[in-house]
Amino acid sequence: MAATVEELLAKAEKDEAEKLKSIRVKKELELEFDLGNLLASDRNAVNLRDFRAQKKEDYLRALARDNTQLLVNELWKMPSERVEGVVVAKLPEPTTRLPREKPVPKPRPPTKWEQFAKLKGIQKKKKTNLVWDEAHKEWRRRWGYKRANDNTKDWLVEVPETADPDEDQFAKRAHAKRERVAKNELNRLRNIARAHKLKVPGAAAAAPSRNELARAEQVAKVSTASVGKFQERLPKEKAPRNRGKKRAFQPNIGDFSTERQQQLELLKVIASKKPRMDVTKAVNKQMREEDMEAASKKRKGAGRKGRKGGSAPRGKAKGKAKAKGQGPPAGKSRQVRKGLGKR
């Protein structure tokens, strides 16, 4: 029985020592702390022997646990207070400047009403959310669903003396509400345009032209993930023109034999001293120039038909040319051009 008690006491001491040891972490180099950002920087080298002997996850977990314990120890050294039964530490100002993902938003420019209120010294008064409803004798919301003094739920509307007795007052009220909503939306767009220094739209904006509508339709159709490939067409819509072709890029991985062959051909062209000449293109260009020259001579000859000493008849001129061996035989130019086009 005595041995059992001693074992229990020894085990308890050992557990207590492990608990005390868990909050005491020894490092060769002290960590750099930025308590304002809850940041701890460890400059100690990694123990490669322990890293290879243990599992990587276990070693990294133990290292993260030790550094976190040191950070918590530093937090307990800061002045603290109790707020609603919770101990809260007062952190200092951060010293490490962290980059922002996006730039700091610019302040919103004032609207036209805000500028007028500032000029006249009008102070904005905060209204309560609840008001007294005389019809239902209870407090209700000022705006929104089930608001107080909601005249849209009236089943009876008084017709003014100056109004047309056959006019629908309910439709008139609904139309007036739509007008107010449209006016508020127009004022909102004007404020946005004025803030971005754009042209402020008027109350009666000019209708867009047919070309502008077609352009807007084309832009809207290609503004999809498939660049308009799966967009449906209207019954009488024509196919878009001047769309161009997409550039075909070679894959970055795979067989590089084609790319190697293209690079070798390019090097051969660069290294060769003789210029590379396209025979087919050169022959076609020469034949086209000869045809144009012959056509111009023909037009000049047709203009001098009635003059003295004009050109000989067409049949005799051709016979002389064949006898002297000038010019290709009949149909030769067409045959050469057709043969060159098949290459």
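- Residue E158 comes nearest to P160 through the heavy atom pair O-CD, 3.5 Å, listed as atom of the first residue, atom of the second, then distance.
- From N37, atom CG reaches atom CD of E93 across 10.0 Å, with rounding to the nearest 0.5 Å.
- The environment of CZ in R97 is sparse: at most 12 heavy-atom neighbours from other residues, nucleotides or ligands sit within 6.0 Å.
- The CH2 atom of W143 sits 7.0 Å away from atom CG of N129, with the distance rounded to the nearest 0.5 Å.
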Inset, instruction - Would you check, one step at a time, whether the test salt bridge (charged side-chain N to carboxylate O under 4.0 Å, His left out) holds for E293 with K297? - result: CA-CA 6 Å; E293 186 178 356; K297 289 181 178 179; 3.8 Å; yes

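- Under the 4.5 Å side-chain criterion, counting only non-hydrogen atoms from C-beta, E138 is in contact with R140.
- By the neighbour-count criterion of 12 heavy atoms within 6.0 Å, atom CD of E167 is densely surrounded, having more than that number from other residues, nucleotides or ligands.
- In this structure the side chain of K26 never reaches within 4.5 angstrom of the side chain of R24, judged on heavy atoms.
- Side chains of L31 and N44 form a contact here, defined as non-hydrogen atoms less than 4.5 Å apart.
- Among the candidates M287, M292, Q286, the single residue satisfying the side chain to side chain contact (heavy atoms under 4.5 Å, CB included) test with E289 is Q286.
- Within 6.0 Å of CZ on R141 lie no more than 12 heavy atoms contributed by other residues, nucleotides or ligands.
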Inset, instruction - Please report the C-alpha distance between D42 and L63 in whole Å, then the side-chain angles of each, then the deciding distance to 0.1 Å, and finally whether the side chain to side chain contact (heavy atoms under 4.5 Å, CB included) criterion is met. - result: CA-CA 10 Å; D42 189 1; L63 183 62; 4.0 Å; yes

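- Defined by atom type and a distance below 3.5 Å, a donor-acceptor pair is present between the side-chain atoms of T96 and D34.
- A 6.0 Å sphere centred on NZ of K177 holds no more than 12 heavy atoms belonging to other residues, nucleotides or ligands.
- Between the side chains of R188 and N191, no donor-acceptor pair of N or O atoms lies under 3.5 Å.
- For the pair K172/V157, no side-chain contact is recorded, criterion being any heavy-atom separation below 4.5 Å from C-beta on.
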Inset, instruction - Show the numbers, then the answer: is there a side chain to side chain contact (heavy atoms under 4.5 Å, CB included) between V269 and E265? - result: CA-CA 6 Å; V269 172; E265 291 179 358; 5.6 Å; no

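- Using a 4.0 Å cut-off between charged side-chain N and carboxylate O, E212 and R215 make no salt bridge.
- When all heavy atoms are compared, the tightest approach of L156 to F170 is N-CZ, 4.2 Å.
- H175 contributes no side-chain N or O that, together with a main-chain N or O of A171, makes up a donor-acceptor pair within less than 3.5 Å.
- L75 and F33 end up in the same hydrophobic cluster when Ile, Leu, Val, Met, Phe, Trp and Tyr side chains are linked at under 4.5 Å.
- Residues W113 and I122 are in side-chain contact: their nearest non-hydrogen atoms beyond the backbone lie under 4.5 Å apart.
- Comment: R61 engages D58 in a salt bridge, judged by a side-chain N to carboxylate O separation of less than 4.0 angstrom.
- Interatomic distance, CZ of R194 versus OG1 of T111, reported as 8.5 Å (0.5 Å rounding).
- The cluster map of Ile, Leu, Val, Met, Phe, Trp and Tyr, joined by side-chain heavy atoms under 4.5 Å apart, puts V25 and L35 in the same cluster.
- For the pair N187 and K112, the minimum side-chain heavy-atom distance is 4.5 Å or more.
- Looking at residues two or more places apart in sequence or on another chain, you find no side chain to side chain donor-acceptor pair (under 3.5 Å) involving T224.
- With a 6.0 Å radius and a threshold of 12 heavy atoms from other residues, nucleotides or ligands, E134 has its CD atom above the threshold.
- To the nearest 0.5 Å, the span separating CD on E74 from CG on L38 amounts to 12.0 Å.
- The residues E217 and K221 are annotated as salt-bridged, a charged nitrogen and a carboxylate oxygen being separated by less than 4.0 angstrom.
- For the pair K146/H136, no side-chain contact is recorded, criterion being any heavy-atom separation below 4.5 Å from C-beta on.
- In this structure, the separation between CZ on R43 and CD on E28 is 12.0 Å, given to the nearest 0.5 Å.
- Remark: T280 OG1 to K285 NZ distance equals 14.5 Å, nearest 0.5 Å.
- Between E179 and K183 there is no salt bridge, since no side-chain nitrogen of the basic residue lies less than 4.0 Å from a carboxylate oxygen of the acidic one.
- V72 and L70 end up in different hydrophobic clusters when Ile, Leu, Val, Met, Phe, Trp and Tyr side chains are linked at under 4.5 Å.
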